[in-house]
Amino acid sequence: MDPTTFKDYLFLIPLLPFAGAAINGILGRRLGLRAVHLIALGSVLGSFVLSVAGFLALVSIKSPEARRVVSVLYQWILIAGQTGSFHINVAFLLDPLSSVMCLVVTGVGFFIHVYSVGYMHGDPGRARYFAYLNLFTFSMLVLVLADNLLLMFVGWEGVGLCSYLLIGFWFSELDNARAGMKAFIANRVGDFGFFVGLMLLFWTLYVSSGQAVGSLSYGELKGAAPLLLDAEPILGLSVPTIICLALFMGATGKSAQIPLYVWLPDAMAGPTPVSALIHAATMVTAGVFMIVRLNFLYLLSPVALSVVATVGALTALYAASIAITQNDIKKVLAYSTISQLGYMFLGVGVSAFAAGIFHLVTHAFFKALLFLGAGSLIHAAHTNDIRKMGGLRAHMPATFFTFMVAFLAIAGIPPFAGFFSKDEILFSTFNAHLAAPGLGKLLWLVGLMGAGLTAFYMTRLVIVTFFGEFRGGESAEEKLHESPRTMTGPLVILAVLSAVGGFIGLPAVTHLPNLIGGFLEPVVALKGGAASHGSHSAALELGLMAVSVAAAAAGIYLGWYLYHKRPELPGALRERFKNLHAVVYNKYYVDEAYDRLFVRPVIAISRGTGRFDLGVIDWVVNALARATERISAGIGWEDLKVVDGLVNAIADAVKYWGYHTRRLTTGKVNHYLYSVVLGLFVLYLLVLIT
Amino acid sequence: MKNFAFNVFVIITLIPSFWVALSSNIVHAAFSLFFTFFGVAGLYVLLGADFLGVLQVLVYISGILVLIIFGVMMTQRAQMEHISTRLPGRFAGAVLSVLVFGGFMVAVYKTAWPKLTELPEPVPTTSEIGNLLLGKYLIPFEVASVLLLAVLVGAALIVRQSVRKE
Amino acid sequence: MQSHILSWIIFFPLIGAAIICFLPKRLESWMKPIALASTVPQLYWAYKLYVNFERANPSFQFVEHTSWILRFNIDYYLGVDGVSMPMVLLTALLSFICILASWNIDKYIRGYFSLFLLLDTAMMGVFCALDFFLFYIFWELMLLPMYFLIGVWGGPKKEYAAIKFFLFTLVGSVFMLIAMLAFYFGSVEPATGLHSFDFTILANQAAHIGILKDPVVRWGCYLLLLIGFAIKIPLVPFHTWLPDAHVEAPTAISVILAGVLLKMGTYGLIRISYPVLPDMARAFAPVVAAFGLVSIIYGAFCAMAQKDLKKLIAYSSISHMGFVVLGMSVFSNTIGINGAILQMFNHGIITAMLFLLVGVIYDRAHTRDIDGFGGLAHNMPVFAGYTGLAFMAGLGLPGLSSFISEALCLIGAFQTYKVMTVLATTSIIITAGYFLWTMQRIFLGPMNERWEDLPEISLREAACLTPLAIIVVVLGFYPMPILDMIGATLRNTVHLVVAMR
Amino acid sequence: MLAYSLENFLLVSGVLFCLGIFTVLTRRNTVAIIMGIELILNAAGLNFVAFSRFVQTQNHISGHVFTLFIIVISAAEIVIALAIVLSLYSTKKTIHVEDFDELKW
């Protein structure tokens, strides 16, 4: 499939899931269950096949620079100004970056769809579920394939909507709905930043380029990016920095980084495959994708990059620390996702864009696997609480093995995917030169500690759930059963990917081709990143690799030691550091703080304006009304006395004379004749006189 | 000789008219009306209005007077007991008519009528009246005819309605 | 030959109204179909207008110009351009849907439908009139039926709401009258040397003489017009009539009130204030933008505090109209004003949907208290679907029509009012907040047994809602049909305002 | 010289006229009132003819035409008056004028 012919099939990739969603959504109930599954899975499979075709088409293009396929569907918005014009097209761009993302989204997405068939067995709202899932895939694909920032924003909010719908899928429990709303609002806060960044970017370029750049499409933006530099700084920061920070605010909202991560743990209220797809593999990575996509912007402001890196590292460490104390399996995985995302942002922050994407891909594999594994565990044990599980190794061998593969991957044990990608990031961080001197080294240290913690809590999770004896009570024990093939199938495939995934991005020291790095090269062509690889000696790289493996091993040993060898120890430790444990267990009370700092004041303000509106303005209006009433009453009284008096007097006079004249009309004809003659005579006199 | 005729006719018109005004018996009044009309006809002739004099006699006396007498006769039955036909408010009526007469005479004698110094001989006026009627005053002539027709229909209708009502 | 399509489209409902008035009592069951039938041709003509409206030509089209009152040089002058075209389409569509929606009105059917058709005529007239006098007549004509429709068929506090609505708008139109007279006596028609009410003549500054030349008068006129229109938009300090009028008005009337009448204010500004007093428009722009911003934020916060669903939607209308005002008060680019007109159209469609939905639920549960509901999605899934779409459109979800118009307004306004626009953008969070919170309190959560037996949305109601839903989605993906219709005229308007020294 | 002149005739018609009024005002019998009206009309007719005789204008004959019309009108009037009186009489059995008082509001 050569690129030119593929051009006109490109739009099918997002369109197929959309069609699937539309059909299931509208006709869902009437179609049989099998049809619903067929449509849902079929559409995603179709997209996957096309993505692969697209990937091959790209690879077939010889020169890396030319590897991009753009297909413009139609003109979305056109507003012709006096000189320039604001024109946005609905256009899809397939270049190495979006092709990789497409593969991840549709690939992992397809496995999760298959898994959902089994998982959602017996749930009445399945048509609606699959419709939402397809709609999500559509939005994600639009986000990834969009050729301009505004269309990406459509996808950006579209995934936000789908996560809202899917988190609150079982809406009969109020807190699921509340979790959904929380997710959407948090995303919306991020989108506020994103939109402000978008506007500032548009206007600075539009004005400075003499109304030439009016379409926000990446090609044009990349070309006109340097113009940003000479725009005069606002509030002391250079324009690119502000734009990048604003966009990064959007990213933190979407990818659950430090300030706006609170919605992700609550998002676990949704069905587990949803968490796997949205809150592990695809949606949360949108922020990373956006920064990599706009790397030419970020490179213009080192300050922004350092901020991204620092936030990433801090989030990694912070989330990992919380994950240690969580007892709900999905919560643990949620915090682990946040921490892994932190690593991606760290990688991107140190301009190792390729490494960030590489970690994104590997993370998609093993995190999806972990979530799906957790899903089958929950499916079997009918509880999320790991304290009620234990010893499931015997009952669910398939889930156990796949879970172990993912565990090794995420912990960063060499042959598995996690090791290569995380190590790549740590290596790049170590010798990155950011805004502040030595910041790279410090962040590397934080990252290393995070890696250790990750290994620790993952070990804790694995041991508590799979080893030891079952603590879930007799009745639950009988029901323990391995999940059906439709669920274990995807687990196995993802396990293979997690194992093999690492080899697509081998570090330079092994002199093997860094496939993914090379592939992404043209998109992220940049001065830092890959170049810095060469200058440092292989020894340093190997050394760092050894250190990170050591950290992982330490974490595993500590976890094994505490939870397997001396199971009573964690209890004792918990007693000793009671309050510390309480603080960490309750997520540093961040949720409560946010509630008090943001949510309650907003409601208070709104109630205040509501009362103000009713009270003051309405009061003013009503006061006006009452005042006029009183004035009119006053006038009325005065009017009653004087004017009325006069009027009544006139009325009485009229009545009096009326009465008398009435008596004149006796009805006797002759009296009338009298008046006739009298009238005649009076007239005659008048004539006589004048 | 003319003065004598004039005085005779004046007396013939005025005296019976007093009778009409004052007599208590309605039938006497009706008949005295005959003399008044006759007197007026005479005055017309004296004034050279020969056609009018004849007309007066023809229409008034033989037409209208007869009708009045019919009217009197038909409504007479019930009045046999001779209630006074005069209204209590007579005095006011008298005062008023005298007042009007006074005002009238003031007008007559004060204004300087553009009288002719000498009176032309009276000429027969019938042909001229005829010309005028069909010339200048054609429209009033036609309207008068329509009026008369309307009156005929009206009178018949009123009488028939009252008859049917009983 | 002058095409009389505009006169037809304006006065045809009046014929319907007349027929309904004189129908004998026993044919009462015929009244509703006749009312409906009298709006169908309007739809057809609107479609014909849409089809042969020349997109590239910024000036007035389908013009009808005959002298009316010679004595004062007042003409019966109708015409449609880019700005009024969407409004005409909106009015035609909403009138049809509202009559369909008011099928279960059973009190004084004759009065209701004839007044409604009279209102329809008035609205159409306002959008097509190009002579200030004619414009003012239609403007006042609108008040009367509205007053009765709210005052007679309204909810519990209907008299208070009707009076308040009437007085507020009347005060507004009094100000407008003063300005109108100032324009009349301050302008002279080049050809005939007479004073004139004609917008096209008033628009060219050469025609201004005497008082209209002196800046203080111009400033005063603009202020008067601004207040008059601000009451109608409504901008915040003058808005308190809207929630009451909406809460008390019957469903179909609040649809028309929010769908079309609110647009009169902004339409007036663009039709009258901008072309005639462009220098003042530029001078007042920041103040108006500030009012717009206050409306957006204030409206959003108030909406969040409401207990009554209809009041919530009323306040959300105020907030959305704030976007229109913000977008409109930017003259350094045409993006803002294009966004404003698009927002007027979209907001018309979305609020119509929202009020129809409230009507659906009010007809069944006879209460609008948001907290009284809960878990309605269980037994009314289709209704929940429609409301979900409407709420998502309301909070400006990309892919639906209102996102594009709000985005354009914000992007347009950002060029000159950076700080204000950033503040305005925060409203997307608050709006998302109160819409989703309402969604949650009504539809999600455990099933409220009180509403166990609420019947699903009926076919008729669905028939009202579906066209609107389709428009919202289609305009979300492809807004060009509206955008290219308004493009040329607005570019001309902005040029006009900027060009004047 | 002629014994009689315009003033004499006017005097006569004045007397007739006032007598007519007197009759109309004071007679109880409706038919008498009608007679009074006839007197008034005749007085008017007499006036016209007197003027046409003594005041010389080129178409003095028109005075006669007026009198002719007066006669026609009075004929018409008398017919109607009597018809009314008779119908009143047939319904109310009286022709005393003060009994016809339904005109009162």
Side-chain angles (χ1 to χ4, degrees), chain A residues 25 29 74-82 86 90 128 139 142 150 153-158 160-161 164-165 168 171-174 176-178 180-181 184-185 188-189 191-192 195-196 198-200 202-203 206-207 234 602-603 605-614 617-618 620-621 625, chain C residues 164 168 236-237 239-241 243 298 300-306 315 333-335 338-339 375 377-378 392 395 397-399 403-404 407-408 410-411 414-415 418 421-422 425-426 428-430 432-434 436-437 439-440 443-447 477-480 483-484 487-488 491 494-495 498:
Chain A
R29 254 176 295 293
Y74 60 89
Q75 193 172 49
W76 188 22
I77 302 172
L78 166 68
I79 297 169
Q82 287 314 101
F86 176 73
V90 171
R128 189 162 59 89
S139 310
V142 165
L150 207 61
F153 190 65
V154 171
W156 188 270
E157 291 243 357
L161 167 74
Y164 164 74
L165 293 171
F171 52 77
S172 39
E173 282 96 20
L174 205 53
N176 289 357
R178 204 170 287 125
M181 189 171 87
F184 193 84
I185 303 285
R188 204 66 172 166
V189 173
D191 298 347
F192 156 69
F195 198 74
V196 169
L198 185 140
M199 284 195 287
L200 186 59
F202 171 74
W203 277 113
Y206 189 70
V207 169
I234 308 168
V602 164
I603 295 179
I605 294 172
S606 76
R607 192 150 297 127
T609 37
R611 266 201 305 282
F612 169 78
D613 185 65
L614 285 180
I617 295 195
D618 244 7
V620 162
V621 168
Chain C
K164 195 170 182 180
F168 254 94
V236 172
H239 69 293
T240 47
W241 60 274
Y298 185 86
F301 273 125
C302 280
M304 192 182 274
Q306 294 311 323
Y315 277 111
N333 60 54
T334 57
I335 300 173
N338 272 300
H378 291 285
M392 286 308 158
L395 57 88
L397 185 79
F403 162 71
I404 295 175
L408 289 179
L410 289 173
I411 292 173
F414 191 82
Q415 185 176 21
K418 288 197 170 29
T421 317
V422 169
T425 323
T426 59
I428 65 171
I429 304 168
I430 312 163
Y434 70 74
L436 291 183
W437 192 20
M439 183 84 170
Q440 177 190 313
F443 288 101
L444 309 179
M447 168 62 143
F477 283 101
Y478 185 62
M480 280 324 277
L483 277 180
D484 60 24
R491 199 168 35 219
V494 168
H495 175 65
V498 171

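Computation of the quantities below employed the complete heavy-atom set of this structure, encompassing side-chain atoms and omitting hydrogens, waters and symmetry-equivalent molecules. The chains referred to below are lettered A, B, ... by the order of the sequence lines, with proteins before strands, and numbering in each begins at 1.
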Side chain, backbone, both or neither of C:L408 within contact of chain A (heavy atoms, under 4.5 Å): side chain
Approximate separation, where rounding is to 0.5 Å, of A:E157 CD and C:I428 CD1: 6.0 Å
Atom group of C:W241 that falls short of 4.5 Å from chain A, counting heavy atoms: neither
Per-residue contact mode, C:A300 against chain A (heavy atom under 4.5 angstrom): neither
Chain A contact via C:L410 - side chain, backbone, both or neither, heavy atoms under 4.5 Å: both
Largest heavy-atom contact set with chain A, pairs under 4.5 Å, which of C:A377, C:G339, C:P243, C:G487: C:A377
Closest non-hydrogen atom pair between C:Y478 and A:Q75, with its separation: CE1-O, 3.7 Å
Atom pair NZ (C:K418) and CG (A:L200), whose distance is rounded to the nearest 0.5 Å: 7.0 Å
Which atoms of A:W203 approach chain C - backbone, side chain, both or neither, heavy atom under 4.5 Å: side chain
Spatial distance of atom OG1 (C:T425) from atom CG (A:D191) [nearest 0.5 Å]: 12.0 Å
Closest non-hydrogen atom pair, C:G399 against A:V154: N-CG1, 4.1 Å
Best-contacting candidate, A:G25, A:S172, A:A625, A:G180, against chain C by heavy atom pairs under 4.5 angstrom: A:S172
From C:W437 atom CH2 to A:I603 atom CD1, the distance as rounded to the nearest 0.5 Å: 4.5 Å
Contact leader toward chain C among A:F184, A:F202, A:Y206, where contacts are heavy-atom pairs under 4.5 Å: A:F184
Heavy-atom pair with the smallest gap, counting every atom of A:F86 and C:I411: CZ-CD1, 4.0 Å
Max heavy-atom pair count under 4.5 Å with chain A, selected residue of C:C302, C:G375, C:P237: C:C302
Full working for side chain to side chain contact (heavy atoms under 4.5 Å, CB included) between C:L444 and A:M181: CA-CA 11 Å; C:L444 309 179; A:M181 189 171 87; over 6 Å; no
Greatest number of heavy atom pairs closer than 4.5 Å to chain C - which of A:G610, A:G608, A:S606: A:S606
CG on C:L397 to CG on A:L161, rounded to 0.5 Å: 5.0 Å
Chain A interface, residue from C:I430, C:T421, C:L483 that has the most non-hydrogen pairs under 4.5 Å: C:L483
Inter-residue atom distance C:F414.CZ - A:F195.CZ, 0.5 Å rounding: 10.0 Å
Mutual orientation of the aromatic rings belonging to C:H378 and A:F171 [parallel < 30°, tilted 30-60°, perpendicular > 60°]: tilted
A:V207 to C:Q415 - nearest heavy-atom pair and separation: CG2-NE2, 3.8 Å
A:R128, part contacting chain C, at a heavy-atom distance under 4.5 Å: neither
Pair A:V90-C:F477, side chain to side chain contact (heavy atoms under 4.5 Å, CB included): steps then yes or no: CA-CA 9 Å; A:V90 171; C:F477 283 101; over 6 Å; no
Non-hydrogen atoms of A:L174 and C:G445 that approach each other most closely: CD1-CA, 3.2 Å
Side chain / backbone / both / neither for C:M304 at chain A, heavy atoms under 4.5 Å: both
Between C:V494, C:N333, C:I335, the one whose heavy-atom pairs under 4.5 Å with chain A are most numerous: C:I335
Contacting moiety of A:F153, where chain C heavy atoms sit under 4.5 Å: both
Nearest atoms (heavy-atom pairs only) where C:A432 meets A:I185: C-CD1, 3.9 Å
